[in-house]
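So the structure is just underneath, and the comments pick up after that.
These numbers were taken from a predicted model, which means no experiment stands behind them. Order of the sequence lines sets the chain letters (A, B, ...), proteins ahead of strands, with each chain counted from 1.
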Amino acid sequence: MKLSKFFMPTLREAPQDADNISVKLMFRAGMIRKLASGIYEWLPLGLRVLQKVEGIVRQELNRVDGQEVRLPVIQPKELWMETGRWQVYGKELLRLTDRKDSEFCFAPTAEEVITNMVRRDVNSYRQLPILLYQFGLKFRDEIRPRFGVMRSREFIMKDAYSFHASDGDAQKWYGILYGAYEKIFTRCGLAYKPVEADSGPIGGNHSHEFMVIADTGEAEIALCACGYAANTEKAEVSEAPARTADPSKLHPMRDVPTPGLYTVEDVAKFLKINKKQFIKTLFFLADGAPVMALVRGDHELNENKLRRLLGAADLEKAPQHIYEAIAGCPAGFAGPVEIKTKYAPGKDTKPLTKVIADNALKNVFNGVSGANKGDTHTTGINAGRDYAPDAFADIHVAAEGDLCPKCKAPLGFKRGIEVGQTFKLGTKYSKSLKCNFSDEHQKEMPMVMGCYGIGITRTVAAAIEQAHDDWGIIWPPAIAPFEFSLVSIESGDKAVAEASAAVYAAIEAAGMEALWDERDERPGVKFKDADLIGLPWRIVVSSKTLKDGECEFKRRAEKDAMRWKLAEIPAKLKELKAEIK
RNA sequence: CGGGGCGUGGCUCAGCUGGUAGAGCGCUCGCUUCGGGUGCGAGAGAUCGUGAGUUCAAAUCUCACCGCCCCGACCA
């Protein structure tokens, strides 16, 4: 491709609203433009990368007998009513009405549609298993789109769905897809880590997220040298060894005034006591029933863990009026001591059913918590002596200082960008949509499903996030929009033009692509643009080297250039081609 | 949804104690230059987000709306 004809509007400065490195570089390199909040246009350079990633994904999925389909983005309400998600999905689901007042949604995902398709035409165990996938435009009306294409409202997702005659087969295929994902992200040149993910109400270790390790990632990952890795939304922790307190060191409880101070932060500062001494008190409604949860002051409660422990389908923070009815005091001053007797039932509030304390609280002696009185906290609280929860359990978000659930070594933490997820769905959708098959005994059974997503657009952003420098992007060869930047210095010079054309032809002949900068521009302009768009390899043709029968070759990721004899170019290109997996 | 901020050529921004618009980059033309965004000259391009109000006069002041961004709440 000749750069003079290529629609690649590069920018010296990034737009003001570009809020992270990858989106800045994508804007500057002329890969994307923004149309509206969370909605982006992909220009030719960007699209090429998208297509490279899609190509790799397609190849690896076809290799495990996946079959590509294309599903509608406008989907009828009726289907979503069948699974109940029309209500459950909430505002993230973009709803539309046609001229006949029929209701539709714009696909945020495609379980309903694919399951509907399969239930219609797949009826026998002989047709199973089957793996179908698509690259589809998705729309999720995010509350706050940000980080450009990383968390946009409209995006391209590869979604794959598998259907099986048995749970064992689904499990086996889960492993096959997991392997395919490893190959995909490796080929894309990404440093990634598969981590255990929270699998929602279904439970079990049937979901993994593929994380690209990057400091700017939105997800936090807990890692251990033993191999354990999990999203902190899910990560379990081992209970710390129990400590026993010297009875003579236990203080009596005492109420202290803390006027207007209701956050752990403020009270800790005021009383000059470490946050770890605090017992943080939270109220939830588990399927409507009030529950009190206690965690250490420096910990965050993990709602997934609490929900699973309680066996609840739905868990939400208790609204303020319920909080205040239970604690009998303004929000911020509740504590575990005598909480059940303090409870003052209102007309529409149910009684407090359970008090769950995090394991870490077993080792908190002389703790501090709210006194269930306005503007007052209690010090000297000790578990057992002063309060007795219904259960101690692991309910906090894994944090620095926690121990690995497998080997009890201290956990480490990193940030990551979620680029893919594998999920064993079970029969959740096949049951609600009656996607059944006849087994060999003519017995009708629901199919067992798996679903597997890859954020294509996000993967592109993650690759940039992971590999760039002050000058621009550094593409891994396998997903680069072109393999080569071919730069002609003084492109008007006849010898330079001819030699450049010859190099260009050689690159094409080797089955690769070059973006040929034959513009009438100064060398500096060309080099700046080349560095910005970050193609992996650069060949410079100029009269300076041409007189020795040479051109210049440089890798984007390396500092120094080398000389190539023109005659040896085909051989060199062959070597480079082998580097692309 | 709560708090804060911002909307001025394609991009980055100035002008905002009222007198209907500027710069740099980019673009066009000419000359110049040719290994890290060359220099000079000449141009094109803006109903200052929208609507209403105040005023002789509004980019500038007031109100409403729209859009965008940040922080928070929320979240398969």
Side-chain angles (χ1 to χ4, degrees), chain A residues 7-20 23-24 27-30 33-40 43 80 83-85 88-93 107-112 138-148 151 153 155 157 159 197-202 207 209 218-219 231 233-234 263 303-304 307 314-317 319-320 418 420-423 425 428-429 451-453 455 458 470-472 485 487-493 496 517-532 538-546 551-552 554 559 561 563:
Chain A
F7 181 44
M8 186 188 86
T10 56
L11 262 23
R12 287 200 189 195
E13 292 168 281
Q16 192 188 22
D17 57 12
D19 52 4
N20 75 345
V23 70
K24 270 184 193 156
F27 258 98
R28 290 228 290 132
R33 291 282 112 108
K34 187 161 87 168
L35 212 218
S37 174
I39 301 177
Y40 292 84
L43 315 200
W80 286 73
T83 55
R85 283 164 108 194
V88 174
Y89 223 100
K91 289 195 171 166
E92 229 174 87
L93 186 67
T109 173
E111 281 85 4
E112 279 79 2
K138 300 288 183 296
F139 193 93
R140 295 183 187 177
D141 200 357
E142 296 277 347
I143 288 180
R144 188 144 91 83
R146 60 187 121 175
F147 308 138
R151 185 165 209 82
R153 295 194 292 170
F155 58 98
M157 179 166 90
D159 42 329
D198 183 64
S199 46
I202 299 169
S207 180
E209 287 164 341
E218 287 192 88
N231 189 317
E233 286 177 3
K234 144 100 186 177
T263 66
E303 293 188 24
N304 296 321
R307 178 168 38 78
D314 183 56
L315 186 77
E316 54 172 334
K317 259 192 191 129
Q320 194 165 338
E418 182 197 336
Q421 181 166 25
T422 52
F423 204 101
L425 277 177
K428 184 178 171 191
Y429 293 96
C451 74
Y452 321 88
R458 187 183 277 185
D470 291 347
W471 302 109
S485 269
V487 178
S488 303
I489 304 291
E490 278 190 275
S491 39
D493 184 278
V496 169
D517 193 345
E518 28 67 277
R519 294 176 300 175
D520 181 21
E521 286 286 358
R522 311 241 332 160
V525 174
K526 300 188 176 197
F527 291 138
K528 291 285 184 197
D529 271 345
D531 286 340
L532 212 211
R538 190 182 79 187
I539 293 177
V540 179
V541 177
S542 71
S543 46
K544 192 171 102 183
T545 57
L546 219 47
C551 64
E552 181 189 292
K554 180 181 170 298
K559 224 173 149 193
R563 296 288 191 88

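The side chain of I143(A) has C1(B) as its nearest neighbour among C1(B), C25(B), C70(B). Side-chain proximity of V525(A) to C68(B), G35(B), U38(B): nearest is U38(B). Set against C75(B), G72(B), C68(B), the side chain of R144(A) has G72(B) as its closest nucleotide. Comparing G36(B), C70(B), C75(B) against the side chain of F527(A) picks out G36(B) as the nearest. In the set C68(B), U12(B), G37(B), C68(B) carries the atom at the smallest distance from any side-chain atom of A36(A). Of the candidate nucleotides A73(B), C69(B), C11(B), C11(B) has the atom nearest to the side chain of E13(A). Checking C25(B), C68(B), G35(B) against every side-chain atom of K34(A), the shortest atom distance belongs to C68(B).
With a cut-off of 3.5 Å on both pairing distances, the Watson-Crick or G-U wobble partner of G2(B) is C71(B). Across all strands shown, G19(B) is found opposite C56(B) as a Watson-Crick or G-U wobble partner, with both distances under 3.5 Å. Of the nucleotides present, C40(B) is the one that pairs with G30(B) by Watson-Crick or G-U wobble criteria, both distances under 3.5 Å. Using N1 to N3 plus N6-O4 or O6-N4 for Watson-Crick, or N1-O2 and O6-N3 for G-U wobble, each under 3.5 Å, C63(B) pairs with G51(B).
Using C1' as the reference atom, G49(B) and C66(B) are 7 Å apart when rounded to the nearest Å. Annotation: U62(B) and G18(B) have their P atoms spaced 12 Å apart (nearest Å). Separation of the P atoms belonging to G35(B) and G41(B) is 23 Å when rounded to the nearest angstrom. Going from the C1' atom of A21(B) to that of A57(B) covers 16 Å, rounded to whole Å. For the P atoms, the distance from G15(B) to A23(B) is 15 Å, rounded to whole Å. On the P atoms, U33(B) is 37 Å away from G9(B), given to the nearest whole Å. Taking atom C1' in both A59(B) and C48(B), one finds a spacing of 4 Å when rounded to whole Å. Across C6(B) and A42(B), the matching C1' atoms stand 36 Å from one another, rounded to whole Å.
When rounded to the nearest whole Å, the span between CZ of F7(A) and P of G10(B) equals 14 Å. Between the P atom of G10(B) and the CZ atom of R12(A) lies a distance of 19 Å, rounded to the nearest Å. In this structure, CZ of R153(A) is placed 9 Å from P of C69(B), rounded to the nearest angstrom. One atom, CG of N20(A), and another, C1' of C69(B), lie 14 Å apart when rounded to the nearest Å.
In this structure, a donor-acceptor pair under 3.5 Å is absent between the side chains of N304(A) and E233(A). Residues T10(A) and D529(A) bring a donor and an acceptor atom of their side chains to less than 3.5 Å of each other. No side-chain donor-acceptor contact under 3.5 Å links R153(A) and Y40(A).
Across all strands shown, S37(A) has heavy atoms under 4.0 Å from sugar-phosphate atoms exclusively, and none from any base. Note on E418(A): a base of the nucleic acid sits closer than 4.0 angstrom, heavy atoms only. Heavy atoms of E552(A) sit under 4.0 angstrom from at least one base atom. In this structure, K138(A) reaches neither bases nor backbone, as no heavy-atom distance under 4.0 Å exists between it and the strands shown.
Counting distance only, with no hydrogens placed and no angle test, the side-chain atoms of R538(A) and the base atoms of G36(B) include a donor-acceptor pair under 3.5 Å.
Taking 4.0 Å as the cut-off between side-chain N and carboxylate O, R563(A) and E552(A) do not count as a salt-bridged pair.
For I489(A) against S542(A), the heavy-atom pair with the smallest separation is CB-CB, 3.6 Å. What you find for K34(A) and F27(A) is that their closest heavy atoms are N-CZ, 3.6 Å.
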**Request:** Assess whether side chain to side chain donor-acceptor pair (under 3.5 Å) is satisfied between S488(A) and E518(A), documenting all intermediate values.
**Result:** CA-CA 6 Å; S488(A) 303; E518(A) 28 67 277; over 6 Å; no
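Each of L315(A) and E521(A) lies near RNA chain B, and the nucleotide nearest E521(A) is the one positioned closer to the 5' end.
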